[in-house]
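Down below is the structure, laid out as structure tokens.
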2 protein chains.
Amino acid sequence: MEAENMRSREHKIVVAVDESEESMHALSWCLGNLSSQNANNTLVLLYVKPQPVHSTFDAAAYMFSNDVVGSMEKHGTKMVNSVMQRAEAVYRNFQTNAHIVRVVGKGDPKNVICNTVEKLKADTLVMGSHGYGFFKRTLLGSVSDYCAKHVDCPVVIVKKS
Amino acid sequence: MEAENMRSREHKIVVAVDESEESMHALSWCLGNLSSQNANNTLVLLYVKPQPVHSTFDAAAYMFSNDVVGSMEKHGTKMVNSVMQRAEAVYRNFQTNAHIVRVVGKGDPKNVICNTVEKLKADTLVMGSHGYGFFKRTLLGSVSDYCAKHVDCPVVIVKKS
């Protein structure tokens, strides 16, 4: 009974994508290995936009003119488009029947990813292991470690070999 | 091309099972969500036997008579059978076409799991997040954290909700 339920009901799979090769590899893994051929399934491509400078370093916000902030916002939007286009190329290659939804978040990636998984009541979270840069990772710990500890659903951590 | 390769070739999936409910839930997740219906796939059920007392506490080994060690070994064998029987009940429920292989290791679970994944050149490792007890986890860190960091293949961490 449990087995039948698991196979037939809709699955919501969140894939955290970013500018890294590894996150595209995570998306490929998801399309090739999870039940992505099922038209009942929804694949949520989640991209977290870098935080605007004024919210990352509140105390230092005055140092940046509106021009700089505006140009960074523009860069962020370009990045979203570029990542989503690359993701589209990957899932086109797999000719998936799953329903694809694109979600763009803003803020601290680990919090945005965990909150999105919770809000959507996702069944699975798929992500690369090294997202969001070496420097930040060393300072703040790995985003994937954090998410694996804090979300309730199964988490798939994919490395680019 | 990559997409076709991913779908058609044999996949070796290692599922780390132990006496916890969570590891049986991880096995269920694997059977319900990964491509377990593919007869080309091999599902490796890996159980790691608790270390015998003399190898865990070398210095204190003399404290235990052969009888005590023998009885613990016997208990370990009983545990293997009990866990494998529970696992069998789970995969029977899913009527999987995948080829099932049982592997029993001995030693430190995190090392045995990582070494087995490497030796078998497994494609995916699936495990519960809280295996091998709260006390040991607090002292030594989570087995799943360690494995997620040290194996090269994708790792699925499943929680019992």
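Just the heavy atoms: all of them, side chains too, but no hydrogens, waters or symmetry mates, feed the values below.
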Among B/C153, B/A148, B/P154, B/A26, residue most engaged with chain A (heavy-atom pairs, under 4.5 Å):
B/P154
If you count every heavy atom of other residues, nucleotides or ligands that lies below 6.0 Å from A/E88 atom CD, does the total exceed 12?
yes
Mind running side chain to side chain contact (heavy atoms under 4.5 Å, CB included) on B/D145 and A/D145 for me, showing each step along the way?
CA-CA 7 Å; B/D145 280 3; A/D145 280 3; 5.9 Å; no
A/I157, A/V158, A/L125, A/V151: which one forms the most heavy-atom pairs within less than 4.5 Å of chain B?
A/I157
Proximal component of B/V90, with respect to chain A [non-hydrogen, under 4.5 Å]
neither
Using modelled atom types and a 3.5 Å cut-off, is there a donor and acceptor pairing between side-chain atoms of B/K159 and backbone atoms of A/V155?
no
Do the side chains of B/Y146 and B/M127 join up, straight or via other hydrophobic residues, at under 4.5 Å, putting them in one cluster?
no
What part of A/V126 gets within 4.5 angstrom of chain B, counting heavy atoms only: side chain, backbone, both, or neither?
neither
Spatial distance of atom NZ (A/K149) from atom OG (B/S142) [nearest 0.5 Å]
6.5 Å
Looking at CG of B/N33 and CG of A/D123, how far apart are the two atoms once the value is rounded to the nearest 0.5 Å?
7.5 Å
